[in-house]
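Shown next, in C-alpha cells, is the structure this report addresses.
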Amino acid sequence: MKEPGRYLVTAALPYANGPLHIGHIAGAYLPADIYVRYLRLKGRDVAFICGSDEHGVPITLRARKEGISPQKIVDKYHAINKKGFEDLGIEFDIYHRTSAPLHHKTASDFFRKLYEDGEFIEKEEEQFFDEQENQFLADRYIVGTCPSCGYDQAYGDQCEQCGTSLSPKELINPVSALSGNKPQLRKTKHWYLPLDRYQEEWLEEWIDSHQNDWKANVYGQCKSWLNQKLHPRAVTRDLEWGVPVPVEDTDSKVLYVWFDAPIGYISATRAWAEEKGKDWEKYWKDEDTSMIHFIGKDNIVFHCLIFPSMLKAHGEYILPDNVPANEFLNLEGDKLSTSRNWAVWVNEFVEQFPDKIDVLRYTLAANFPEQKDNDFTWKDFQNRNNNELVAVMGNFINRALVLTKKYFNRQVPEVKELTDYDRVTLERARAIKNDLEDRIEHYKFREAVKIAMDMGRLGNKYLADTEPWSLYEKDPGRVATVLNLSLQLAASISIVIEPFLPFTAEKLRKFLNISKLDWGLAGQSNILEAGHEVNKPQHLFQKVEDQVVEQQVEKLQEARRKKEQQERGVEPAKENISFDDFTRLDIRVGEILEAEKVPKTRKLMKLKVDTGLDTRTVVAGIAEQFSPEEVRGRQVSIAVNLDPRRIKGIESQGMILMAEDAEGRLTFLSPGTKTQRGAVVK
RNA sequence: GGCGAGAUAGCUCAGGUGGUUAGAGCGCAGCAUUCAUAAUGCUGAGGUCGUGAGUUCAAGUCUCACUCUCGCUACCA
C-alpha cells in the first residue's frame, strides 16, 4: 500500500441541540482521535476536522419551544461539546461550526458551482404556505379530510385511517397543523441532486470497488440502498434557519441540512488552514491526500453515497478512501437514549472522574462496536481499570521504577551483556509495535488497544523470569542489564499508549523524566541513555472501588426513573367534543373466542370476538406483547360501530381498546368482573 | 415481509484466498513468587464453532434452507 502524502480525517459533525454521551464518543470521535494521534506520532501530515452541525428543523423547533433564537441554542451546545472533546483529550485541529460566515460562504459557493454546471434537477411545485407563521409547510404539518375514506384528520403525506398515501393537495379542507389556519398554495422551486443518474454513471461501480477494503457493515448498508435504487434528492428547503440558497428570487430558502453539513468539513478545513497558514485545497483536491470519515452507522448513507456524489458532481474534489463507521454502543444492556435519559454524559463523567479520562477511553476502545453493537457496563469499566490498567500496566511501571530506585538510585543502569532471552524480549517488543501499526492502519482499534497492553504484559513477564531482586547480591551487572531493558520497555509503553491513553502517556513521561518521543522508537533498546535519572516511583492508575460502580448504576436508574415520572401522562388532552359526539361511539364488552397471529407481520393478531350482538373478526396490533393463548377467553372493550377496514387482506370489524403507557406497554381495558357479553360501555 | 449485519469457551471478542490437536483477554481452579496498589508469572479446566443439509480428500472458513438477535424499511399503532 502506497503511503499518502497527507491525511484528512473527519469526525461526524455533532448536531448542536444536545450534549454528547459515550455512545457518540465510541462511535466516531475516539476511534478518529486514536487514528490521528497515531499518524501524528509517525510524523505524518494530518488535518483532523470536526465541528458543530447547527442548522435544520429540530433546532428551530427547539428554539421555538424554549422561546429563544436558534443561534442561542447552538451557541450553548457548541460550547458544551467543544469543551467535552477537549476534556476527553480528543484533539481536533479545529472544531468549527456551520453557523460561521466562512461556512455559509463555502456551502453557498459549492451549491452555486453545481447550479451553474447544471447538475441539479429543478422542480417547481405548488406547496402549502401558512401565512400566519410565514412559512411553507412540510407534508406532515398539513391536516385535512381524506379523499378516499373521508377521515378528517388525514396527514398531508398519508391517511392514517385508510392507509392511502396522499399528497397535501388531495386533501379536502386542508389546515395548517401549526396555526390551525387554512394554508395558501404557493409556487416554490427546489433543486434536486440526481443520485439515480450518479448510480448509473459511477457511484455503484465506485462502491463495488471498495468491497474488500471497507468494513462489511458499511459496504452492506450501501449495497442495500443501491439495490433499492437511489432517487433524486432535494437539496433545498423552505426554511429560515440555514444557509440561504444563492440564487435570485429564493427568499426564505436554505440548503437542506444534509447538503450543508458535510460541506462543514470543507469550511472547517479552510478555517484551520487560514489560521495555520496552510493550503486547504491540498487536503481536499490533491489525489495524494487520503480522506477518512469517522462516523456512526446512522451516517453511512450520507458519507458513502450522498456526500461523494456532491464532491464528484463538483468535480474538483477527491473522494474518501475509507469510511470506518462503527455500530452502536449500548449501556448496561439497554440502548442509549437521550429521551429516556439512559446515558453516560460526557460533561458529567468529566466532572466526576477528572482523573479517569483515560480509563474511559480505554474501556470504550476495548469495547468499540466495530463489527456489531456492543455493551458498556460500569462493572466492565471497573474490571478493566483494576485488572488491566492497574494490575498489568501500572504495576509493571511501578515495579521497574521501584527496582531502579532500590538498586541504582533512580539512574538508568548500563547494559552489560545481552542474553538470548533479552534479545527475544526485545524482538517481541518490536513485534508488538509492528502488530499495533497493522491494526491501527486497518481501523481495528479494539485489537490494537489489547496489543498495546501486551507491552505491559511483556514487561511483567520479563521481570518475573529474570528475577532481578534475587540476583543483586551475586550479579549486580545482570541486574543492571535487566533494569535497563525494563526501563526501555517502560519508555516504549509511553509511546504506544499515547494514541489510546494520552493523559497516562504524559504522566508516564513525567515518571521517566522524558519528553514526547517518536513512534519509530517504540521497541528500541536505546531510548533511554545510561545515567539518565528517572523520577520517584508512583502509581500510574488508582483502583476503582465497588462502591463507585454501584453509585453509577444507581445514578443511571435514578435518572431514568425521574425522567419517566416527568413524562408520565404527557399526552395532551384532545379538543372538547359534544356529548352527542360521544354517544355516537358504541363500545361494548366482548369476549375473545379465538386468536391467531397474522402471518408475515410483527404486531398483528386476528381475533374472533363475541360482542353480544354477533361474532366478528377484528385485527389488533397486540401480537408483540400478547400470545394468542393468553388473550383467548378474555373480556375486553371493543368499539363496534367503526367502519370496517381491511388490514393485510383481513376485514377488521371494530377496534379493541387498549391503554398504552409511556413505554408503549399495552393493557386491555377489561371489566373488573366478568359481565354480560354485549354490555354497553358508557 | 424486503434489505443489511451478526450468531465461535461462563463473559467480551479474533479467526485473509477452506488444510495438522479452534485462539486471545477477563473470569474460574491449581502451582510458583514477593520488586510491586494481594499486584505478577506459569499450568489447567472449559467449545457438537446457531440448526439442518450439500460441495470437497478436507469446512468455523464455500453453497442452500431454517432459527434467533440488532439496524433500516414496509405494514401496524
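Sequence lines set the chain letters: A, B, ... in the order given, protein chains first and strands last, and positions in each chain run from 1.
- Distance from the side chain of A:Arg457 is smallest to B:G25 among B:U37, B:C3, B:G25.
- Of the candidates B:C3, B:A39, B:C13, the closest approach to any side-chain atom of A:Asn227 belongs to B:C3.
- The gap from the C1' atom of B:G10 to that of B:U33 amounts to 29 Å, rounded to the nearest Å.
- Across all strands shown, B:U40 is found opposite B:A32 as a Watson-Crick or G-U wobble partner, with both distances under 3.5 Å.
- Nearest nucleotide to the A:Trp469 side chain, out of B:G41, B:C35, B:U37: B:C35.
- A gap of 8 Å separates the P atoms of B:U40 and B:C26, to the nearest Å.
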Please tabulate, one pair per line, each protein N/O and nucleotide N/O from nucleotides 6-10 of chain B that are separated by under 3.5 Å, including the distance.
none

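- Ionic pairing of A:Glu427 and A:Arg430 is not present here: no N-O contact between side-chain nitrogen and carboxylate oxygen is shorter than 4.0 angstrom.
- Across B:U40, B:U37, B:A14, the shortest atom-to-atom separation from the side chain of A:Glu447 is found for B:A14.
- Counting any heavy atom pair closer than 4.0 Å across all strands shown, A:Asp380 reaches no nucleic acid atom.
- Here A:Lys444 lies in heavy-atom contact (under 4.0 Å) with sugar-phosphate atoms only.
- Taking the C1' atoms as reference points, B:A39 lies 10 Å from B:U34, given to the whole Å.
- B:A77: no Watson-Crick or G-U partner with both key distances under 3.5 Å is found in any strand.
- When the nucleotides B:A39, B:U37, B:C35 are ranked by their closest atom to the side chain of A:Arg399, B:C35 comes out on top.
- One interatomic measurement links the two molecules: OH of A:Tyr421 to P of B:C42, which rounds to 8 Å at whole-angstrom precision.
- Looking at A:Tyr38 and A:Glu441, their side chains do bring a donor and an acceptor atom within 3.5 Å of each other.
- As rounded to whole Å, 14 Å separates atom P of B:C72 from atom CZ of A:Phe302.
- Taking the side chain to side chain contact (heavy atoms under 4.5 Å, CB included) definition, one finds that A:Asn398 meets it with A:Val402, A:Pro537, A:His539, sequence neighbours left out.
- B:A24 and B:A38 have their P atoms separated by 28 Å, given to the nearest Å.
- Projected onto RNA chain B by closest heavy-atom contact, A:Ala464 and A:Gln542 fall at different nucleotides, the more 5' of which corresponds to A:Gln542.
- For the pair A:Asp454 CG and B:C26 P, the computed distance is 10 Å after rounding to whole Å.
- Proximity of A:Asp196 to A:Lys229: side-chain heavy atoms (C-beta onward) are nowhere separated by under 4.5 Å.
- A:Asp380 and A:Asn367 are linked by a side-chain donor-acceptor pair at a separation below 3.5 angstrom, with hydrogens and angles left out of the test.
- Under the 3.5 Å distance criterion, with hydrogens and angles disregarded, a donor-acceptor pair is assigned to the side chains of A:Gln382 and A:Asp546.
- Put simply, NZ on A:Lys461 is 18 Å from P on B:A32, counting in whole angstrom units.
- Comparing B:A14 with B:G60, their C1' atoms are spaced 12 Å from each other, to the whole Å.
- For the pair A:Asn395 CG and B:A39 C1', the interatomic distance rounds to 4 Å; values are reported in whole Å.
- Counted by atom type alone, A:Lys416 and A:Asn484 present zero donor-acceptor pairs between their side chains at under 3.5 Å.
- A sub-4.0 Å separation between OP1 or OP2 of B:C11 and a side-chain N or O of A:Lys379 is absent.
- Of all nucleotides present, only B:C62 satisfies the Watson-Crick or G-U wobble test against B:G54, with each distance under 3.5 Å.
- For B:C76 and B:G16, the C1' atoms lie 44 Å apart once the distance is rounded to whole Å.
- Side-chain contact annotation: A:Tyr362 with A:Asn385, donor-acceptor N/O pair under 3.5 Å absent.
- Using modelled atom types, one finds a donor on one side chain and an acceptor on the other under 3.5 Å when comparing A:Arg399 with A:Asn460.
- Mapping A:His539 and A:Lys450 onto RNA chain B by nearest heavy atom places A:Lys450 at the nucleotide closer to the 5' end.
- For the residue pair A:Glu327 and A:Asn217, a side-chain donor N or O sits within less than 3.5 Å of a side-chain acceptor on the partner.
- Across all strands shown, A:Val402 has heavy atoms under 4.0 Å from sugar-phosphate atoms exclusively, and none from any base.
- Nucleotide B:G4: paired with B:C70 (Watson-Crick or G-U wobble, both distances less than 3.5 Å).
- If you measure from atom CG of A:Asp375 to atom C1' of B:U12, you get 10 Å, rounded to the nearest angstrom.
- If you take CZ of A:Arg384 and P of B:U37, they are 24 Å apart, rounded to a whole angstrom.
- Using atom C1' as the reference point in both B:A22 and B:U8, the two lie 9 Å apart (nearest Å).
- Counting any heavy atom pair closer than 4.0 Å across all strands shown, A:Lys406 reaches sugar-phosphate atoms only and no base atom.
- Closest to the side chain of A:Glu388, out of B:C3, B:U12, B:C26, is B:C26.
- Distances shown here put a side-chain N or O of A:Asn374 below 4.0 Å from the OP1 or OP2 atom of B:C13.
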Can you pull every protein N or O that's under 3.5 Å from an N or O on nucleotides 27-31 of chain B?
unit_1, atom_1, unit_2, atom_2, d
B:G27, OP1, A:Asn387, ND2, 3.1

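- Both distances falling under 3.5 Å, in either a Watson-Crick or a G-U wobble arrangement, place B:A24 opposite B:U12.
- Straight-line distance from the CZ atom of A:Phe328 to the C1' atom of B:U69: 16 Å, rounded to whole Å.
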**Item:** Stepwise salt bridge (charged side-chain N to carboxylate O under 4.0 Å, His left out) test for A:Lys223 and A:Glu204
**Value:** CA-CA 8 Å; A:Lys223 282 308 269 187; A:Glu204 184 146 16; 3.2 Å; yes
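- Between A:Leu195 and A:Leu305, the closest side-chain pair of non-hydrogen atoms is not below 4.5 Å.
- Among the heavy atoms of the strands lying under 4.0 Å from A:Leu540 is at least one base atom, whether or not backbone atoms are also near.
- A gap of 12 Å separates the C1' atoms of B:G54 and B:A59, to the nearest Å.
- Annotation: the span from A:Phe307 atom CZ to A:Asn299 atom CG amounts to 11.5 Å, rounded to 0.5 Å.
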